[in-house]
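Dropping a structure here in structure tokens format, bear with me for questions.
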There are 2 protein chains.
Amino acid sequence: MTTVRGARARARIEITAAIKDEARTQLAAEGAAKLSLRAVARELGMVSSALYRYFPSRDDLLTALIVDAYDAVGAAAEQAAADTAAQRPLARWTAVCRAVRAWAVAHPHEYALIYGSPVPGYTAPQDTIAPAARVGLVLIDITRRAHDGEGVALPPLPDDLRPEAERIAADIAPDLPPALAVALVAAWSQLFGLVSFEVFGQFHRVVEDRDTFFATAARRLGQDVGLLPRG
Amino acid sequence: MTTVRGARARARIEITAAIKDEARTQLAAEGAAKLSLRAVARELGMVSSALYRYFPSRDDLLTALIVDAYDAVGAAAEQAAADTAAQRPLARWTAVCRAVRAWAVAHPHEYALIYGSPVPGYTAPQDTIAPAARVGLVLIDITRRAHDGEGVALPPLPDDLRPEAERIAADIAPDLPPALAVALVAAWSQLFGLVSFEVFGQFHRVVEDRDTFFATAARRLGQDVGLLPRG
DNA sequence: AACGAAACGAGAGCACCGCTCTTGATTACG
DNA sequence: CGTAATCAAGAGCGGTGCTCTCGTTTCGTT
């Protein structure tokens, strides 16, 4: 029942969105390092000090963009999972991986914002940790369905890793075997290793047909978490 | 025979090194974003304009630091390989991985400089590509010795990846089978995915015992390139 | 309907930044 | 020895993030 209070509140929402949009535009054009509050304000026809009514600092603006970026890549992953709901787990896994990569390639600067060097300070704000988990949750869910269904095939867990594996499993998916949980975390980070190397240019003049390369690498990642190939 | 020309040339070398050292100090303290030429000059007791005699721009200073960082992590990897020359390939592989990770954890900002978001522009300068390859070369060498010795066990290559795999093999290690070359590139990027997630804080409150977690992940990476466990 | 509080845009200003240009001193080389 | 190159220093330009003040406008409350 509580609709938007009035013209002022409505304007605030719109202006906040306009600032983020313009900031995203500059981010895509020049990268996070060259994102300037003054330039954003200038482009929006306001004075720079007015912008501080909406974001207390440049880092807070960046944090908002980070949250949006996590949500965007998370939504892309969830969409890929939904689109492949009827397919086999390994196919869904690779589809999600491909969606993450496609989003990253399409938005390299936003990707760099969330999976590159942390730019504001050392510790990420609390607001970012929930959106940051979305891609991981999608991967966990696909693997869980495989585990509940046709099962997963995993190598045994080294003895010295068992306590940590049980801790991880309790943390991210208590219903899953520890060996699967730890394999998931490893595959999760390795997926972003593949994507980062491509987006950040480390594959320059090494990998050319990156679509195919990534496809088989993602597939192997899926097998590493126990997903079974064909029938 | 051509020794250092005179006091001037000697001073230039020393001052250049002092600038880089001070820049590295500030890098470790505050990160690349807050590295300031003026602050470096101030700390060295000179005026900021004098610093431009040694580095044409801030980005050139950063590039020098990037080259040094690649060399440092490359040297760490080579050292680990040398220290384990008598051991089995899989043990050497994990030792090199551990060395890379240890260096990264000890020098997070320098690591972010080379394996995080590219900060200066889009394209890395030519000077950086040779040092950037050092870690990869170490991994290739270890795998090559395994291949020449006890052999490696690899899953077959998908048909659609064969052309690209042969291209990659011709590029990085013509004497190695294409399936091995492509597995190496994938493992290489996935190794840095593991390290990046730890250094950049993505494992926060997910992985706690990171030593053992990384050890088994690195070991599995070695098996992914066909390295054989025990005897 | 009127009032006080809160939010707002605009402007000036602070300290800092990367970088350029000029000046004068020091060193190196033909 | 003298000329040319190299150097540190200073002033200055346009830019940045951010703060503070000042009128104005909107809002919630009486």
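In what follows, every chain begins at residue 1, and chains take the letters A, B, ... in the order their sequences are listed.
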Looking only at the side chain of A/Arg42 (C-beta and beyond, no hydrogens), which of the listed nucleotides C/dT22, D/dT19, D/dG15 gets closest?
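The nucleotide sitting nearest to the side chain is D/dG15.
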
Under a 4.5 Å cut-off applied to non-hydrogen side-chain atoms, are B/Leu44 and B/Ile15 in contact?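 When only atoms from C-beta onward are counted, B/Ile15 and B/Leu44 do not touch, as no gap falls below 4.5 Å.
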
The nucleotide from D/dA5, D/dA8, C/dG18 with an atom nearest the side chain of B/Ala50 is D/dA8

Exactly one of B/Glu22, B/Glu30, B/Arg24 clears side-chain hydrogen bond (donor to acceptor under 3.5 Å, both in side chains) with B/Gln26, and that residue is B/Glu22

### Query
Excluding sequence neighbours, so at least two apart, what forms ring pair (Phe, Tyr, Trp, His ring centres under 6.0 Å) with B/Phe214?
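Listed in chain order: nothing, the list is empty.
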
B/Leu61 CG to C/dC17 C1', in whole Å, measures 15 Å

Checking D/dA8, D/dG17, C/dC19 against the side chain of A/Leu37 (C-beta onward), the nearest is D/dG17

message: Can you see whether A/Asp209 engages A/Thr212 through a side-chain donor-acceptor pair at a distance of less than 3.5 angstrom?
response: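 A donor-acceptor contact under 3.5 Å links the two side chains.
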
Item to complete: Using a heavy-atom cut-off of under 4.0 Å over every strand shown, decide if A/Tyr54 touches base, sugar-phosphate, or nothing.
Response: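 Here A/Tyr54 touches the backbone only, sparing every base.
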
* Asked: Does any non-hydrogen side-chain atom of B/Ser196 lie less than 4.5 Å from one of A/Tyr115?
  -> no

Angle separating the five-pair end axes of the helix from C/dA1-D/dT30 to C/dG30-D/dC1, nearest 10°, is 10°

Within the structure shown, what part of the strands sits under 4.0 Å from B/Ser57 by heavy-atom distance: base, sugar-phosphate, or nothing?
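Sugar-phosphate contact only - B/Ser57 comes under 4.0 Å of backbone atoms but never of a base.
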
Whichever of A/Arg38 and A/Val47 has the more 5' nearest nucleotide on DNA chain C, that residue is A/Val47

